[in-house]
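For reference, the structure is listed below as structure tokens.
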Amino acid sequence: MPPPNENETYAGRTFKDSNKIYRLPGDQAELERLSLQHQLLRGILGALYPCDASEINDVLQVPSPPDGRRPQVLDVGSGSGLWAMQMAMEFPHANIVGVDINESRPAHIPQNCTFETGDITRGLSRYYNSFDLVHCRCMTGAVREYPVLVRELWKCLRPGGMVVTGEGDLQVYNEQKVLAEFRKDNDDDPTHSWLARLLHEVLSLNKRRSATSIGWQLKEILQDDGGFEDVNYKRRYAPIGWAGDGSIEQGEHVGRMMRKNCYDFVRAWRPLLLMNGFPAEQVDMWIHNIDVELHNPTVLRQYNVWHYAWAYKRDDAMRQ
Ligand SMILES: C[S@@+](CC[C@H](N)C(=O)[O-])C[C@H]1O[C@@H](n2cnc3c(N)ncnc32)[C@H](O)[C@@H]1O
């Protein structure tokens with residue numbers, strides 16, 4: 001069955017990407033999931049960004065640039081819009097622009113924040129050489145070649161500007177932070193994961209068109225680009241439905257949000273699985289088993305891994 005067209009509803013969910021690269025829905029339920037995911041990522045980092053606040057303050061010239069220019073921030077694939085709006089509130093002297101293929105807009109947008117509709121696979125030329133900070137989170141599923149996207153992000157930056165990339169794994173890890181084994185249909189080992197199973201099937205489908213679990217390579221991709229300096233990397237393990245090993249503040253709260261995110265995330269992948277020939281009964285059985293597995297994680301405690309890499313555009317980088 002071909003993927004649905006833009007704004008087409010399939011298996012009860014509505015899709016937005018006319019290129020058919022991005023396979024998650026773009027409907028209200030998904031925007032709400034993205035809002036929740038944003039809040040939990042903010043909880044994991046304790047901030048809107050993975051680096052020290054002093055680095056962001058430098059790049060955005062807090063409290064204000066000496067030449068009176070308003071610092072410019074671009075959020076590529078702005079999703080629910082929460083990151084852009086919260087940045088606008090934290091940095092009222094800056095302008096924040098969010099761009100997304102989905103034309104939906106959040107309510108109550110701060111004055112220094114704007115949202116534009118655009119398809120990043122067609123290039124970002126209208127933003128070239130304009131931004132002090134470019135943020136790009138969870139966008140690997142929207143493009144065929146992540147390094148090509150990174151080159152576009154680089155072009156959007158002013159010299160010395162900062163790029164921040166972040167991606168979550170489409171795999172889960174056990175309490176020992178080792179990749180969880182996925183559960184097969186007749187497998188009764190409770191230490192094997194149904195969540196890992198569904199994500200394994202999704203990853204296998206997505207691998208046919210692009211690498212979807214790219215977080216582990218983020219740092220290398222920024223380094224290999226050649227246009228960045230001072231490349232940094234940070235990884236965080238988000239507990240799903242439990243409090244984690246104590247390394248995350250408010251672990252229990254983050255764990256609860258992460259569990260709800262997973263409930264909604266696996267449902268968001270359901271249309272893709274049905275479209276690719278998996279019977280609804282089988283997918284719904286996986287989803288039911290995931291709900292049970294995450295509801296009371298005693299035998300199997302799982303983590304989802306989030307990767308962040310950030311770097312600065314080299315002053316001498318002239319390559320286009
Ligand atoms: C997984 S969400 C991440 C949203 C946001 N960056 C975040 O971290 O909350 C991916 C976003 O990319 C958008 N998207 C997908 N394909 C796109 C494209 N070709 N151009 C622009 N945005 C796209 C989707 O509409 C969705 O909002």
Side-chain angles (χ1 to χ4, degrees), residues 3-8 13-45 47-50 73-87 96-106 113 115-127 133-146 148-149 152-153 156 163-170 199 202-203 206 209-210 212-215 218 236 238 257-258 261-262 264-269 272 304 306-310:
N5 293 317
E6 194 177 0
N7 288 325
E8 196 172 319
R13 305 299 299 263
T14 305
F15 292 80
K16 293 288 177 184
D17 179 4
S18 50
N19 303 315
K20 302 180 171 43
I21 298 177
Y22 186 68
R23 298 309 331 129
L24 281 168
D27 51 17
Q28 189 54 31
E30 176 63 1
L31 291 175
E32 282 167 22
R33 185 190 72 78
L34 290 175
S35 293
L36 171 77
Q37 182 171 275
H38 165 78
Q39 296 294 16
L40 82 86
L41 293 177
R42 185 174 186 163
I44 288 169
L45 291 177
L48 289 166
Y49 30 79
V73 179
L74 179 65
D75 187 21
V76 174
S78 44
S80 69
L82 274 192
W83 186 87
M85 295 201 293
Q86 292 179 3
M87 280 296 284
I96 323 293
V97 178
V99 59
D100 201 288
I101 203 163
N102 192 339
E103 70 292 345
S104 306
R105 294 284 177 270
C113 183
F115 291 99
E116 298 178 2
T117 306
D119 178 351
I120 62 167
T121 64
R122 295 176 197 273
L124 294 167
S125 56
R126 67 182 145 146
Y127 301 124
L133 173 63
V134 173
H135 178 254
C136 181
R137 191 179 62 188
C138 305
M139 292 304 289
T140 182
V143 293
R144 287 188 205 283
E145 300 287 342
Y146 197 80
V148 174
L149 172 60
E152 282 299 299
L153 304 181
C156 294
V163 67
V164 175
T165 59
E167 294 294 331
D169 270 8
L170 273 188
L199 294 180
V202 167
L203 197 54
N206 281 333
R209 52 167 191 78
S210 78
T212 313
S213 225
I214 213 160
L218 277 186
R236 287 285 177 266
M257 288 198 285
M258 193 66 224
N261 190 36
C262 283
D264 296 345
F265 191 53
V266 296
R267 286 165 171 79
W269 285 116
L272 178 81
N304 175 230
W306 291 88
H307 309 262
Y308 287 90
W310 63 101

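First listed ligand is number 1; within each ligand, the first listed atom is number 1.
- Counting only heavy atoms of the protein, atom 23 (C) of ligand 1 lies nearest to Ile101 CG2, 3.5 Å.
- Heavy atoms from both the backbone and the side chain of Arg137 come within less than 4.0 Å of ligand 1.
- The backbone N or O of Thr140 sits less than 3.5 Å from a side-chain atom of Glu167, completing a donor-acceptor pair.
- Interface of Ile120 with ligand 1, defined as ligand atoms under 4.0 Å from a residue heavy atom, comprises 18 (C), 19 (N), 20 (N), 21 (C).
- Separation of atoms OH (Tyr22) and OG1 (Thr121) is listed at 13.5 Å; rounding is to 0.5 Å.
- At a heavy-atom cutoff of 4.0 Å, ligand 1 is contacted by the side chain of Met139 but not by its backbone.
- Of the possible polar contacts, none joining the Asn304 side chain to the Ala238 backbone as a donor-acceptor pair under 3.5 Å is found.
- Put simply, CG on Leu36 and CE on Met258 are 9.0 Å apart, with the number rounded to the nearest 0.5 Å.
- Residue contact check: Asp119 has heavy atoms under 4.0 Å from atoms 18 (C), 19 (N), 20 (N) of ligand 1.
- The contact set between ligand 1 and Ala142, taken as ligand atoms under 4.0 Å from a residue heavy atom, comprises 15 (C), 16 (N), 17 (C).
- For the pair Pro25 and Phe15, the tightest heavy-atom approach, listed with the atom from each and the gap, is N-CE2, 3.7 Å.
- What sits closest to atom 15 (C) of ligand 1 on the protein, heavy atoms only, is Tyr22 CG, 3.4 Å.
- Contact record, Cys156 with Leu124: SG-CB, 3.7 Å, taken as the closest heavy-atom pair.
- Selection from Ser104, Gly77, Gly118, Ala84 by nearest heavy atom to atom 21 (C) of ligand 1 gives Gly118.
- Between the side chains of Thr117 and Arg105, at least one donor N or O lies within less than 3.5 Å of an accepting N or O.
- Under a 4.0 Å criterion applied to the non-hydrogen atoms of Leu34, ligand 1 contributes the atoms 1 (C), 2 (S).
- Considering only non-hydrogen protein atoms, atom 27 (O) of ligand 1 sits nearest to Asp100 OD2, 2.7 Å.
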